Amino acid sequence: MKIAPSILSADFANLQKDVEITAQAGAEYLHIDIMDGHFVPNLSFGEPILKALRPHSKQIFDCHLMVDNPEDYIAILAEAGADVIGVHYEATPHIYRVLQQIKETGCKAEVVINPGTPVTVLTDLLEVVDAVLIMTVNPGFGGQKFLPGMLSKIKELNQIKKDRKLGFEIEVDGGINDKTIIECQQAGATVAVAGSFVFNSANPSATIQLLHEVTGD
């Protein structure tokens, strides 16, 4: 299981230090939430933060766009150092085109679905994407409780992946801890975003290592 610490829950005054802690703890990914205050109520990181962190980390920068008009951000994020760019199915009427746009930059394309969006909307996209992110909380706020009803959605997507012999990652985001991560892994998830559980702990490095241990990594 790949662990993707979410810096939305990190110490903003010591962001570089927290990022370095996650890398030293063996986290392959770094999850970066980009919010515009429209698609979701909050504002968060933008291209300057991404560009500032890039020289200090060799991790996979997993950029999760929670914005209207996501096509306006793709080239900017790719240039700033993104490796994976995730776009919400609900954020654009032209999701296929935006995913193609991401691939054209050389980044990996990820489609994201909210808790209320069924897996069936992804049928015609799965051949194009490198990853699917299933939100296991409502997007836009850290520290929420895991929605157990999303496990059936993960299982459904994983079965489609097997049936069609596809290789995309199944990522989960929201309410991930040492117990819910096991449930997600058993359902078929391959990447887990963990924010509050990691950075609100007394020892973020040990917490990341715990997540690796319980998933057998």
Side-chain angles (χ1 to χ4, degrees), residues 4-10 12 15 29-51 53 60-105 107-126 128-147 149-150 153-154 157 168-176 191-196 199:
S6 171
I7 59 171
L8 187 63
S9 298
F12 291 178
L15 201 50
Y29 280 54
L30 192 71
H31 192 78
I32 303 170
D33 288 309
I34 298 165
M35 309 178 192
D36 65 355
H38 295 284
F39 183 73
V40 292
N42 283 336
L43 289 166
S44 69
F45 310 105
E47 172 261 347
I49 295 294
L50 189 63
K51 189 178 289 186
L53 289 176
I60 295 169
F61 277 16
D62 177 25
C63 297
H64 176 191
L65 281 172
M66 287 177 266
V67 301
D68 289 336
N69 304 312
E71 56 275 8
D72 295 341
Y73 297 81
I74 305 304
I76 295 169
L77 292 177
E79 187 176 345
D83 296 296
V84 180
I85 300 177
V87 176
H88 275 260
Y89 174 87
E90 306 86 359
T92 172
H94 304 293
I95 185 65
Y96 198 99
R97 184 170 69 195
V98 177
L99 293 170
Q100 287 179 314
Q101 185 182 350
I102 294 170
K103 302 275 274 190
E104 287 167 2
T105 67
C107 293
K108 291 187 176 180
E110 178 175 69
V111 62
V112 188
I113 53 173
N114 286 335
T117 302
V119 167
T120 51
V121 303
L122 303 176
T123 300
D124 296 328
L125 303 175
L126 296 178
V128 186
V129 299
D130 300 288
V132 176
L133 171 55
I134 294 179
M135 292 300 302
T136 45
V137 298
N138 292 304
F141 299 91
Q144 299 181 67
K145 289 185 178 179
F146 182 85
L147 296 171
M150 298 303 104
K153 189 180 289 190
I154 300 166
L157 179 62
F168 58 82
E169 301 278 9
I170 298 177
E171 187 168 346
V172 289
D173 182 1
I176 298 300
V191 181
V193 177
S196 301
F199 289 111

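Here, residue 1 is the first one in the sequence, and each next residue gets the next number. Since we're looking at a predicted model, the values are computed, not measured.
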Non-hydrogen side-chain atoms of E90 and I113 separated by less than 4.5 Å: yes
Pairs under 3.5 angstrom only: tabulate donor-acceptor contacts from the side chains of residues 73-85 to other protein residues two or more places apart or in another chain.
from, atom 1, to, atom 2, distance (Å)
D83, OD2, R54, NH1, 2.9
D83, OD2, F61, N, 2.8

Residues forming a salt bridge (charged side-chain N to carboxylate O under 4.0 Å, His left out) with D36, sequence neighbours excluded: none
For E47, all residues meeting salt bridge (charged side-chain N to carboxylate O under 4.0 Å, His left out), sequence neighbours excluded: K51
Test side chain to side chain donor-acceptor pair (under 3.5 Å) applied to T105 - qualifying residues, sequence neighbours left out: none
Under the ring-ring contact (aromatic ring centres under 6.0 Å, His included) test, residues paired with Y96 that sit two or more places apart: none
Qualifying residues under salt bridge (charged side-chain N to carboxylate O under 4.0 Å, His left out), relative to E169, sequence neighbours excluded: K2
With sequence neighbours excluded, residues passing side-chain contact (heavy atoms from CB on, under 4.5 Å) with T120: P118, E156
Side chain to side chain donor-acceptor pair (under 3.5 Å) partners for S6, two or more places apart: D33
Contact list for residues 64-78, test salt bridge (charged side-chain N to carboxylate O under 4.0 Å, His left out), sequence neighbours left out: none
Beyond-backbone contact of M35 with L8, side-chain heavy atoms, under 4.5 angstrom: yes
By salt bridge (charged side-chain N to carboxylate O under 4.0 Å, His left out) - contacts of K145 (at least two apart): none
Pair listing, salt bridge (charged side-chain N to carboxylate O under 4.0 Å, His left out) test, anchored in residues 128-140, at least two apart: K103-D130
Contacts of type ring-ring contact (aromatic ring centres under 6.0 Å, His included), residue Y29, not counting sequence neighbours: none
Identified side chain to side chain contact (heavy atoms under 4.5 Å, CB included) partner of E171 from the options H64, E110, M135: E110
